[in-house]
J.: 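Please see the structure below; I have some questions.
Index from 1, following the sequence.
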Amino acid sequence: MNNDMEADLDRLDAFAAANREAYYGADPFPHTKIDDFVHPAVLEGVLAEAEAADIGGWSDMEDRYQKKSALNSTREMGPKTRALIQFLNGQEVIMFLEKLTGIEGLVPDPFLAGGGLHQLRQGGFLGVHADFNFQKHMRLDRRINLLLYLNKDWEEDWGGNLELWDTSMTHCVKRYAPLFNRCVIFNTTDKSFHGNPQPVTAPDGRIRRSIAMYYYTNGRPKGEVSDAHMTQFQYRPGEASARDKAKRFVKRLTPPIITDWIESRRN
């Protein structure tokens with residue numbers, strides 16, 4: 001029995017056993033969605049702490065690729081949030097993930113590099129991207145993402161939906177609304193393009209909230225090996241052409257001698 005755990009472990013174990021093949025064969029890359037991932041009361045407590053006005057330690061990231069806030073310092077989190085993150089980094093969830101994904105030797109990240117609590121306010125978004133592939137502090141390869149959403153009664157047309165894109169970045173293959181207690185798990189490679197590029201338009205200033213957890217191994221399959229890199233943002237159809245048009249316009253205004261010097265510096 002596991003009634004004192006944050007989730008129904010028997011249910012998760014059964015899910016992993018029944019969905020391992022489906023996970024591996026999912027389009028556009030290995031992934032799955034699980035609703036009611038943890039006990040609702042557990043997530044209710046985490047949501048209440050996230051909504052507290054006096055919570056500190058948030059980092060804001062805003063550029064042409066993203067507009068979001070993140071908190072990865074457990075010192076700044078409430079006790080219920082810390083307990084849930086410890087559970088997600090613990091033995092039970094690691095064993096579940098290994099059974100589901102077939103990836104053995106998974107290692108959690110106590111530093112929550114790039115992870116922890118995420119939130120998108122009105123107009124917030126995260127462009128489609130492939131994640132950073134190497135945790136420098138632990139010197140491990142990133143293999144699995146686990147995203148757990150905290151948003152009650154979220155309407156799909158409010159934006160902020162998780163999108164999974166094909167490897168050639170021609171179209172969105174799967175789209176998931178960030179519903180309360182919904183968990184999405186997927187393999188991370190240089191071709192696992194995902195994001196929530198549609199800006200949040202929720203009414204009454206509602207905030208899109210999630211918990212992001214990442215898992216690593218010492219090395220990765222030969223076919224997935226690449227040089228260590230940071231997040232690699234991608235352009236959706238139409239975005240690259242607009243960018244190229246702007247670059248061509250700037251180039252027309254730039255004297256040839258300066259253009260030649262810039263090109264020589266790139267080579």
J.: Just checking, is any N or O donor in the side chain of Glu163 or Trp165 under 3.5 Å from an acceptor N or O on the other one?
T.: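 Yes, side-chain donor-acceptor contact under 3.5 Å.
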J.: Looking only at heavy atoms, what is the nearest atom pair of Gly114 and Asn72, with distance?
T.: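 Taking Gly114 first and Asn72 second, the nearest heavy atoms are N-ND2, 4.3 Å.
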J.: Kindly determine whether Leu150 and Leu43 satisfy side chain to side chain contact (heavy atoms under 4.5 Å, CB included), including the steps that lead there.
T.: CA-CA 7 Å; Leu150 284 71; Leu43 210 58; 4.2 Å; yes
J.: Can you tell if the side chain of Phe37 reaches within under 4.5 Å of the side chain of Leu146, non-hydrogen atoms only?
T.: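 Yes; the side chains approach each other to less than 4.5 Å.
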J.: Not counting sequence neighbours, which residues clear side chain to side chain contact (heavy atoms under 4.5 Å, CB included) with Asp109? List them please.
T.: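 Checked Asp109 against side chain to side chain contact (heavy atoms under 4.5 Å, CB included); matches are Phe111, Ala113, Gln135, Met138, Tyr216.
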J.: Working to the nearest 0.5 angstrom, can you tell me the gap between Asp35 CG and Cys183 SG?
T.: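 Taking CG in Asp35 and SG in Cys183, the distance rounds to 9.5 Å.
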J.: Under 4.5 Å between any side-chain heavy atoms of Leu164 and Phe29, yes or no?
T.: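 Result yes, sub-4.5 Å side-chain heavy-atom pair found.
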J.: If every non-hydrogen atom of Ala202 is compared with every non-hydrogen atom of Gln122, which pair is closest and at what distance?
T.: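 So the minimum-distance heavy-atom pair works out to O-OE1, 2.8 Å.
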J.: Met61 vs Gln66, test: side chain to side chain contact (heavy atoms under 4.5 Å, CB included). Steps then yes/no.
T.: CA-CA 7 Å; Met61 289 153 277; Gln66 59 191 328; 4.0 Å; yes
J.: Any donor-acceptor pair under 3.5 Å linking the side chain of Glu51 with the backbone of Ala48?
T.: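 Pair absent, no side-chain N/O of Glu51 close to backbone of Ala48.
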J.: According to a hydrophobic-cluster definition based on side-chain heavy atoms being under 4.5 Å apart (Ile, Leu, Val, Met, Phe, Trp, Tyr only), do Leu71 and Ile211 belong together?
T.: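 Linked, Leu71 and Ile211 end up in one cluster.
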J.: Is there side-chain contact between Pro197 and Val128, with at least one heavy-atom pair below 4.5 Å?
T.: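 Yes, their side chains come closer than 4.5 Å.
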J.: What I'd like to find out is whether the side chain of Asp190 reaches to under 4.5 Å of the side chain of His229, using heavy atoms alone.
T.: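 A side-chain contact under 4.5 Å exists here.
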J.: Does Arg182 qualify as a cation-pi partner of Tyr176, given the criterion of NZ or CZ under 6.0 Å from the six-membered ring centre and within 45 degrees of its axis?
T.: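 Judged by the rule (NZ or CZ under 6.0 Å from the ring centre, within 45° of its axis), Arg182 is not positioned above Tyr176.
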J.: Do side-chain atoms of Asn133 reach the backbone of Asp227 as a donor and acceptor pair under 3.5 angstrom?
T.: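 Pair found, side chain donor or acceptor close to backbone of Asp227.
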J.: Tabulate below the donor-acceptor pairs under 3.5 Å that side-chain atoms of residues 77-88 make, not counting sequence neighbours, or state none.
T.:
residue	atom	partner	partner atom	Å
Thr81	OG1	Glu49	OE1	2.7
Arg82	NH1	Met77	O	2.5

J.: Given side chains that start at C-beta, do those of Arg209 and Gln119 come closer than 4.5 Å, heavy atoms only?
T.: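 Touching, per the 4.5 Å side-chain cut-off.
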J.: Is any side-chain N of the basic residue among Lys152 and Glu44 closer than 4.0 Å to the acidic one's carboxylate O?
T.: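 A salt bridge is present here (some side-chain N lies under 4.0 Å from a carboxylate O).
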J.: Once you round to the nearest 0.5 Å, how far does NE2 of His118 lie from CG of Leu147?
T.: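 Between atom NE2 of His118 and atom CG of Leu147 there are 8.5 Å.
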J.: Just how far is it from atom OG1 of Thr217 to atom CD of Glu104, taken to the nearest 0.5 Å?
T.: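 Here the rounded value is 11.0 Å.
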J.: I'd like to know whether OH of Tyr24 has more than 12 heavy-atom contacts from other residues, nucleotides or ligands below 6.0 angstrom.
T.: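 12 or below, so no.
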J.: If you measure only the distance, is there a donor-acceptor pair under 3.5 Å linking the side chains of Asn145 and His31?
T.: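 No, because no side-chain N or O of Asn145 sits under 3.5 Å from a partner of the opposite role on His31.
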J.: Relative to each other, are the rings of Phe132 and Tyr214 parallel, tilted or perpendicular (30° and 60° limits)?
T.: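 Geometry flag for Tyr214 against Phe132: perpendicular rings.
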J.: Between His194 and Phe186, does the ring-ring contact (aromatic ring centres under 6.0 Å, His included) criterion hold? Intermediate values first, please.
T.: CA-CA 10 Å; His194 64 283; Phe186 57 92; 4.6 Å; yes
J.: Could Asp131 and Arg142 be called an ion pair, given the rule that one side-chain N must be under 4.0 Å from one carboxylate O?
T.: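 Looking at Arg142 together with Asp131, the answer is yes, because their closest N to O distance falls below 4.0 Å.
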J.: Using 0.5 Å steps for rounding, measure from the CG atom of Leu12 to the CZ atom of Phe96.
T.: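 Reported value, rounded in 0.5 Å steps: 5.0 Å.
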J.: Can you name the nearest heavy-atom pair linking Phe134 to Asp141, along with the distance?
T.: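 Phe134 and Asp141 have their closest heavy atoms at CD1-OD1, 4.1 Å.
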J.: Would you call Ile185 and Leu100 a side-chain contact if the rule is heavy atoms closer than 4.5 Å?
T.: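 Side chain of Ile185 against side chain of Leu100, heavy atoms only: contact under 4.5 Å found.
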J.: Thr201 side chain to Trp158 main-chain N or O, any donor-acceptor pair under 3.5 Å?
T.: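 It does hold such a pair.
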J.: Same hydrophobic cluster for Ile94 and Ile34, using side-chain heavy-atom links shorter than 4.5 Å among ILVMFWY?
T.: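 Linked within one cluster.
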J.: What distance separates Lys67 NZ from Phe125 CZ, expressed to the nearest 0.5 Å?
T.: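 Reported to 0.5 Å precision, the distance equals 8.5 Å.
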J.: Dump the intermediate steps for side chain to side chain contact (heavy atoms under 4.5 Å, CB included) on Trp154 and Arg208, then the final yes or no.
T.: CA-CA 9 Å; Trp154 191 267; Arg208 178 194 187 273; 3.7 Å; yes
J.: Looking only at non-hydrogen atoms, find the nearest pair between Arg20 and Gly102 and report the distance.
T.: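 Minimum heavy-atom contact is NH2-CA, 3.2 Å.
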J.: Flag yes if more than 12 heavy atoms outside Arg121 fall under 6.0 Å of its CZ atom; otherwise flag no.
T.: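 No - once you tally the heavy atoms of other residues, nucleotides and ligands closer than 6.0 Å, there are 12 at most.
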J.: Is there a side-chain contact between Glu76 and Trp58 (heavy atoms, below 4.5 Å)?
T.: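 Not in contact.
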J.: Are Val200 and Leu179 connected, step by step, through hydrophobic side chains (Ile, Leu, Val, Met, Phe, Trp, Tyr) whose heavy atoms are closer than 4.5 Å?
T.: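 Same cluster.
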J.: Between Asp60 and Ser69, what is the shortest heavy-atom contact and its length?
T.: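 The pair with the smallest heavy-atom distance is OD1-OG, 2.5 Å.
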J.: So Arg220 and Val225, side chain to side chain contact (heavy atoms under 4.5 Å, CB included) or not? Walk me through it.
T.: CA-CA 7 Å; Arg220 65 190 314 134; Val225 173; 3.9 Å; yes
J.: Same hydrophobic cluster for Leu126 and Tyr65, using side-chain heavy-atom links shorter than 4.5 Å among ILVMFWY?
T.: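 The answer is yes; both residues are in one hydrophobic cluster.
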J.: Quick check against the 3.5 Å criterion: does Ser210 have a side-chain atom that pairs as donor or acceptor with the backbone of Leu148?
T.: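 Absent.
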J.: Counting distance only, does the side-chain N/O of Asn19 pair as donor-acceptor with the main-chain N or O of Tyr23 below 3.5 Å?
T.: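 No; zero donor-acceptor contacts below 3.5 Å.
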J.: Does any N or O in the side chain of Asn181 come within less than 3.5 Å of the main-chain N or O of Val38, such that one atom is a donor and the other an acceptor?
T.: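 Flag set: sc Asn181 to bb Val38 pair under 3.5 Å.
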J.: If you look at every heavy atom in Pro199 and Gly123, which pair is closest and at what distance?
T.: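 That closest heavy-atom pairing would be CB-O, 3.8 Å.
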J.: Are Phe233 and Tyr235 connected, step by step, through hydrophobic side chains (Ile, Leu, Val, Met, Phe, Trp, Tyr) whose heavy atoms are closer than 4.5 Å?
T.: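 Yes, same cluster.
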J.: Is the side chain of Glu156 donor-acceptor paired with the backbone N or O of Asn161 at a distance under 3.5 Å, no angle test?
T.: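 Not a single qualifying donor-acceptor pair exists.
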J.: Side chains of Glu92 and Met5: does their closest heavy-atom pair fall under 4.5 Å?
T.: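 In short, these two side chains touch, coming nearer than 4.5 Å.
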J.: Can you tell me how far the NZ atom of Lys191 sits from the CG atom of Asp166, to the nearest 0.5 Å?
T.: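 The distance works out to 10.0 Å.
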